[in-house]
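Just so it is clear: chains get the letters A, B, ... in the order the sequence lines come, proteins before strands, and each one is counted from 1.
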There are 2 protein chains.
Amino acid sequence: MTLEDQELKKAGLKVTLPRVKILQILENCSDRHMTAEDIYQALRDSDGDVGIATVYRVLTQFEAAGLVERHNFDNGPAIYEIDRGEHHDHMVCTETGKVIEFHDAEIENLQERIAAEKGYQLVGHSLVLYVKPNNA
Amino acid sequence: MTLEDQELKKAGLKVTLPRVKILQILENCSDRHMTAEDIYQALRDSDGDVGIATVYRVLTQFEAAGLVERHNFDNGPAIYEIDRGEHHDHMVCTETGKVIEFHDAEIENLQERIAAEKGYQLVGHSLVLYVKPNNA
DNA sequence: TAAGCAAATCAGAACTATTCGCATCTGTGG
DNA sequence: CCACAGATGCGAATAGTTCTGATTTGCTTA
């Protein structure tokens, strides 16, 4: 019974091979930001008998269970990352495609205030900064 | 020579029927936020001989010319709105789908600062607040 | 530790949003 | 008013994602 197995159990999901492998891939990937296709390729490279439909289904379940977060940058494919419970937003370099995480309490507060001013409660937000290196 | 015609000319685009009609629809729509499909339906309802491919092509050209802005909320279809030159972000009500515009100079400044702190220049951003009514 | 059953998976089809290719048509400058 | 570049319409193509239906797998209980 590995750590991954326990996480899955806790989330009320059956411990199956595809789910364990996908969780491991997400935990071990270097930049923490992968598309469904990236994960599918990683599976294919190692063993290779998990369908792309399963990758999507599992990711959706992981998201519902709070194990991963899904983000949509601009109009490209969605990217997934392990949810460590530390909320953050993203900065994407338009030259290199590099993704940088950041957190700013002040911005978070302002968002709450803006919603409140209009008579609403904030239930979520999506903030992506598109940036380029200083010397470009 | 209508106002729409002049805008098109100024943007270096031939003044064709589809372009004029699409511009009018965008200028006259009540909530200012339409999908390509919405526009296609509006055209269909009135006259009806503009293909969906043309709608997309024209919207893309309008965007390049700075006449309209395109936004992607979550994972749904893109929405388009006339660009009045007044930058703003969006708040989307998760109950009603209503789109509210807002602008906050402080948030804009913070974004610049965050990019600078990481050694980058801000070239753009996407901020969407997902909200629900206070009484829900 | 095998049987049974619900849940999960696979492959491929379907779907949504968007773009492309190409034959035809239409503004615009001369 | 003519010619030709540029625009359009249609249908096919694409990318990303979800659904379907038949088969398999993992938990439960005996």
| Under the 3.5 angstrom rule, does the side chain of B/Y120 hit a backbone N or O of A/M91 as a donor-acceptor pair? | no
| field | Proximal nucleotide (of C/dT18, D/dT18, D/dC10) relative to the A/T60 side chain | value | D/dT18
| query | Whole Å only: how far is the CG atom of A/D49 from the C1' atom of C/dA8? | reply | 14 Å
| field | Comparing B/A53 and A/A53 on DNA chain C - which has the more 5′ nearest nucleotide | value | A/A53
| field | By ring-ring contact (aromatic ring centres under 6.0 Å, His included) - contacts of A/F73 (at least two apart) | value | A/H90
| query | Given atom CD1 of A/I39 and atom P of C/dT9, what is their separation to the nearest angstrom? | reply | 14 Å
| said: Applying ring-ring contact (aromatic ring centres under 6.0 Å, His included), can you list everything that pairs with A/H87, at least two apart in sequence or on another chain? | reply: A/H103, A/H125
| Interatomic distance where CD belongs to A/E37 and P belongs to D/dT18 [whole Å] | 14 Å
| field | Value in whole Å for how far the P atom of C/dT18 lies from CE of B/M34 | value | 14 Å
| field | Comparing B/R19 and B/I52 on DNA chain D - which has the more 5′ nearest nucleotide | value | B/R19
| Starting at CZ of B/R57 and ending at P of C/dT26, how long is that distance when rounded to a whole Å? | 15 Å
| Stretch residues 62-78 of chain B: residues that reach within less than 4.0 Å of DNA chain C through a heavy atom | B/P77, B/A78
| message | Distance check, rounded to the nearest 0.5 Å: B/I100 atom CD1 versus B/H88 atom NE2? | response | 12.0 Å
| Could you state the CD-P distance from A/Q41 to D/dA15, rounded to the nearest angstrom? | 14 Å
| Between C/dC10, D/dT8, D/dT18, which nucleotide has the shortest distance from any of its atoms to the side chain of B/T54? | D/dT8
| task | Any pair with a residue in residues 115-129 of chain B that passes salt bridge (Lys or Arg N to Asp or Glu O under 4.0 Å), sequence neighbours left out, goes on the list, sorted by first then second residue, please. | result | B/R113-B/E117
| query | Can you check the A/L59 CG to D/dG16 P distance for me, whole Å? | reply | 15 Å
| said: Rounded to whole Å, how long is the line connecting atom CG of B/L13 with atom P of C/dT28? | reply: 11 Å
| query | Do you see a donor-acceptor pair shorter than 3.5 Å between the side chains of B/R57 and B/T60? | reply | no
| field | Selection residues 82-98 of chain A - residue pairs positive for salt bridge (Lys or Arg N to Asp or Glu O under 4.0 Å), sequence neighbours left out | value | none
| field | Base versus backbone protein contacts along nucleotides 22-30 of chain D [heavy-atom cut-off under 4.0 Å; B, S, -] | value | ----BS---
| field | B/Y56 side chain near C/dT19 phosphate (N/O to OP1/OP2, under 4.0 Å) | value | no
| request: Enter the distance from B/H33:NE2 to B/I79:CD1 here, rounded to the nearest 0.5 Å. | output: 4.5 Å
| Hey, any chance A/Y80 and A/V50 share a hydrophobic cluster, counting ILVMFWY side chains that come within less than 4.5 Å of each other, even indirectly? | yes
